[in-house]
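Scroll down for the structure; my scribbles are underneath it.
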Amino acid sequence: MEIYNLMKMGLDATDLRGKAIANNVANINTPGYKRKYVTFEETLNNKENKPKIEIKTDLGSEMREDGNNVELENEKVNQAATTLQYNALVSLTNIKLAMTKSVISGR
């Protein structure tokens with residue numbers, strides 16, 4: 001897979017992950033709500049299929065009495081990690097583009 005496509009998919013995944021986390025936080029008091037999460041990195045090692053971004057529902061976490069399984073502290077940690085990952089991917093993309101531009105311009 002071309003590196004630019006992989007970086008774009010990484011950016012798309014982190015963007016979608018941030019939206020899922022925001023949605024989880026918004027539904028923290030909704031009875032019966034099950035937290036959502038995004039998978040992407042897990043599919044990178046799969047040689048048979050191309051990497052894919054998926055939104056999944058967490059049915060395995062411990063639930064409160066109202067059936068909701070969103071934990072605010074976990075969502076905050078996940079959001080911080082997602083922000084760091086997104087920023088790192090943006091930096092890497094900018095570096096890769098600058099290197100390509102340098103090669104094209106002959107510098």
Would you compute the distance between atom [atom1] of [X] and atom [atom2] of [Y] and round it to the nearest 0.5 angstrom?
X      : Y     : atom1 : atom2 : value
Ile104 : Met99 : CD1   : CE    : 12.0 Å
Ile28  : Leu72 : CD1   : CG    : 4.5 Å
Asn29  : Asp66 : CG    : CG    : 8.0 Å
Thr100 : Ile95 : OG1   : CD1   : 11.5 Å
Asn69  : Leu59 : CG    : CG    : 8.0 Å
Asp12  : Thr14 : CG    : OG1   : 8.0 Å

Quick one, [X] and [Y] - any side-chain contact, counting heavy atoms below 4.5 Å?
X      : Y     : value
Arg35  : Glu75 : yes
Lys101 : Leu97 : no
Met9   : Phe40 : yes
Val70  : Val25 : no

*Identify the two heavy atoms, one from Val38 and one from Ala20, that lie closest to each other, and give their separation to 0.1 Å.*
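The answer is CG2-CB, 4.1 Å.
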*Nearest non-hydrogen partners of Pro51 and Thr43, listed with the distance*: CA-OG1, 3.4 Å
Going by atom types only, do [X] and [Y] share a side-chain donor-acceptor pair under 3.5 Å?
X     : Y     : result
Arg17 : Gln85 : yes
Asn78 : Asn74 : no
Tyr33 : Thr57 : no

*Would Ile53 end up clustered with Ile55 when hydrophobic side chains under 4.5 Å apart are linked, directly or stepwise?*
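Yes; Ile55 is reachable from Ile53 via cluster members.
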*Following the transitive rule for hydrophobic clusters with a side-chain heavy-atom cut-off under 4.5 Å over Ile, Leu, Val, Met, Phe, Trp and Tyr, establish whether Leu84 and Leu16 coincide in one cluster.*
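No, separate clusters.
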_Between Asn68 and Pro31 (side chain of the first, backbone of the second, donor and acceptor by atom type, cut-off under 3.5 Å), is there such a pair?_
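Checked: no pair found.
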*Only counting residues at least two apart or in another chain, list the ones meeting side-chain contact (heavy atoms from CB on, under 4.5 Å) with Val90.*
Leu11, Tyr86, Asn94
*Got a salt bridge between Lys34 and Asp58, using NZ or NE/NH1/NH2 to carboxylate O under 4.0 Å?*
no
*Taking NZ, NE, NH1 and NH2 as the nitrogens, is one of them in Glu42 or Lys52 under 4.0 Å from a carboxylate oxygen of the other?*
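No, no charged N to carboxylate O under 4.0 Å.
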_Qualifying residues under salt bridge (Lys or Arg N to Asp or Glu O under 4.0 Å), relative to Lys96, sequence neighbours excluded_ =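 None.
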